[in-house]
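Below: one structure, written as structure tokens.
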Amino acid sequence: MMNKLHQRVGAISNAHVGADFENAALLFFNKQGMHLTRNFPLKIGISLKKKNHCFDLGSASQKIIIECKSHRWTAGGKVPSAKMTKWNEAMLYFHLSPKDFKKVFFTLHDKRQTTGETLVSYYKRTYFHLIPEDVEFIEFDESTGDIIGV
């Protein structure tokens, strides 16, 4: 298989990587007794005018929305800046969502080789001003299947 630039090594496609990661999140929350829907639609907006946004996972009855990101540091250990833009976008969607919903950002636990800093730690340190106070971060360690940060 030939690897494409900007595609995870060994993956069929980045879409497959994302779908597999969402499955891991779905299994985790299912074990917690939460029955979630994929592509969960929720009306969000700044003003009285609202528009549906589909969160990766969610439940109206359990009042929870989840965004899943399986991003990693670059192969050279640099910040994946385009990916951080997607994280910022997710924070905006959380900010615009109803206040009575629990908001979870489910990410891949990935450490930078040189410093050991996780991508989540970097994001929280650098983009703290864009993170709504009610967002919970959960990191999934795919090598062990463990959750970090619950």
Side-chain angles (χ1 to χ4, degrees), residues 4-9 11-75 77-112 117-143 145-150:
K4 298 177 183 173
L5 188 61
H6 306 298
Q7 184 170 296
R8 188 148 316 158
V9 175
I12 296 171
S13 72
N14 287 340
H16 283 86
V17 171
D20 289 347
F21 192 69
E22 279 183 23
N23 276 335
L26 208 51
L27 287 172
F28 167 74
F29 288 104
N30 197 313
K31 288 178 185 174
Q32 308 301 313
M34 295 184 181
H35 302 287
L36 305 173
T37 302
R38 289 186 131 169
N39 295 315
F40 178 72
L42 188 63
K43 290 197 179 295
I44 63 170
I46 292 172
S47 66
L48 294 177
K49 295 178 182 177
K50 308 288 185 205
K51 184 176 179 181
N52 269 346
H53 169 73
C54 288
F55 289 88
D56 293 331
L57 304 170
S59 168
S61 63
Q62 295 179 310
K63 297 240 183 230
I64 186 170
I65 49 177
I66 301 157
E67 283 293 301
C68 302
K69 301 292 181 213
S70 65
H71 299 144
R72 299 180 181 276
W73 294 98
T74 68
K78 296 191 187 276
V79 175
S81 55
K83 306 293 194 256
M84 295 296 96
T85 301
K86 298 304 287 177
W87 288 32
N88 289 339
E89 180 181 64
M91 293 304 139
L92 175 63
Y93 291 142
F94 282 142
H95 177 69
L96 298 174
S97 64
K99 301 301 175 207
D100 59 338
F101 272 74
K102 181 176 181 177
K103 298 150 184 81
V104 177
F105 198 61
F106 191 90
T107 67
L108 184 66
H109 179 72
D110 191 50
K111 288 185 177 181
R112 186 183 248 173
E117 182 176 31
T118 67
L119 198 54
V120 166
S121 296
Y122 168 82
Y123 184 77
K124 286 179 168 181
R125 179 173 57 80
T126 309
Y127 295 97
F128 62 90
H129 60 296
L130 299 179
I131 303 169
E133 290 182 14
D134 58 347
V135 172
E136 177 184 342
F137 286 80
I138 298 177
E139 292 180 88
F140 177 72
D141 185 334
E142 68 181 354
S143 64
D146 293 333
I147 297 299
I148 298 161
V150 174

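Shown here are the side-chain hydrogen bond (donor to acceptor under 3.5 Å, both in side chains) partners of Asn52, two or more places apart in sequence or in another chain: there are none. Under the ring pair (Phe, Tyr, Trp, His ring centres under 6.0 Å) criterion, Phe29 pairs with Phe106, sequence neighbours left out. Remark: Ser61 engages Ser59 in a side-chain hydrogen bond (donor to acceptor under 3.5 Å, both in side chains) (not counting sequence neighbours).
Note that NZ of Lys69 and CE of Met84 are 10.0 Å apart. Values are rounded to the nearest 0.5 Å. The CG atom of Asp56 sits 12.5 Å away from the OG1 atom of Thr37 when rounded to the nearest 0.5 Å. Put simply, CG on Leu36 and CD on Glu22 are 11.0 Å apart, with the number rounded to the nearest 0.5 Å. In this structure, CG on Leu130 lies 9.0 Å from CE on Met91, to the nearest 0.5 angstrom. The CG atom of Leu119 lies 8.5 Å from the CD atom of Glu139; values are rounded to the nearest 0.5 Å. Note that the NE2 atom of His71 and the NZ atom of Lys86 stand 8.0 Å from one another [nearest 0.5 Å].
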List the steps, then state whether side chain to side chain contact (heavy atoms under 4.5 Å, CB included) holds for Tyr93 with Ile65. CA-CA 10 Å; Tyr93 291 142; Ile65 49 177; over 6 Å; no

Glu142 and Phe21: side chain to side chain contact (heavy atoms under 4.5 Å, CB included), yes or no, with the steps? CA-CA 9 Å; Glu142 68 181 354; Phe21 192 69; 5.5 Å; no

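Between the side chain of Thr118 and the backbone N or O of Ser121 there is at least one donor-acceptor pair closer than 3.5 Å. For the pair Lys50 (side chain) and Ile46 (backbone), a donor-acceptor distance under 3.5 Å is absent. In this structure, Arg38 contributes its side chain and Ala19 its backbone to a donor-acceptor pair below 3.5 Å. Formation of a donor-acceptor pair under 3.5 Å by the Lys103 side chain with backbone atoms of Phe101 is found in this model. Listed for the Asp110 side chain is a donor-acceptor partner under 3.5 Å among the backbone atoms of Trp73. Although no hydrogens or angles enter the test, the distance criterion places a donor-acceptor pair under 3.5 Å between the side chain of Arg112 and the main chain of Gly77.
Closest of all the heavy-atom pairs between Leu57 and Cys68 is CD1-SG, 4.0 Å. Across all non-hydrogen atoms, the minimal contact from Gly33 to Gln62 is O-NE2, 3.5 Å. Of all heavy-atom pairs spanning Lys124 and Ile131, the tightest one is CA-CD1, 3.9 Å. For the pair Asp134 and Lys99, the tightest heavy-atom approach, listed with the atom from each and the gap, is OD2-O, 4.4 Å. The two residues Leu96 and Ile44 come nearest to each other via the heavy atoms O-CB, 3.5 Å. The two residues Asp141 and Ser143 have their closest heavy-atom pair at OD1-OG, 2.6 Å.
Between Phe137 and Tyr123, the ring planes lie tilted relative to each other; the angle falls in the 30° to 60° range.
Environment of NE2 in His53: crowded, with over 12 heavy atoms of neighbouring residues, nucleotides or ligands closer than 6.0 Å. By the neighbour-count criterion of 12 heavy atoms within 6.0 Å, atom NZ of Lys31 is sparsely surrounded, having that number or fewer from other residues, nucleotides or ligands. Counting heavy atoms of neighbouring residues, nucleotides and ligands inside a 6.0 Å radius, atom NZ of Lys111 does not exceed 12 of them.
Each of Phe94, Phe105, Tyr127 was evaluated against Trp87; a single residue qualifies, Phe105, per the ring-ring contact (aromatic ring centres under 6.0 Å, His included) test.
By the 4.5 Å heavy-atom criterion applied to side chains, Glu136 and Lys102 are counted as neighbours.
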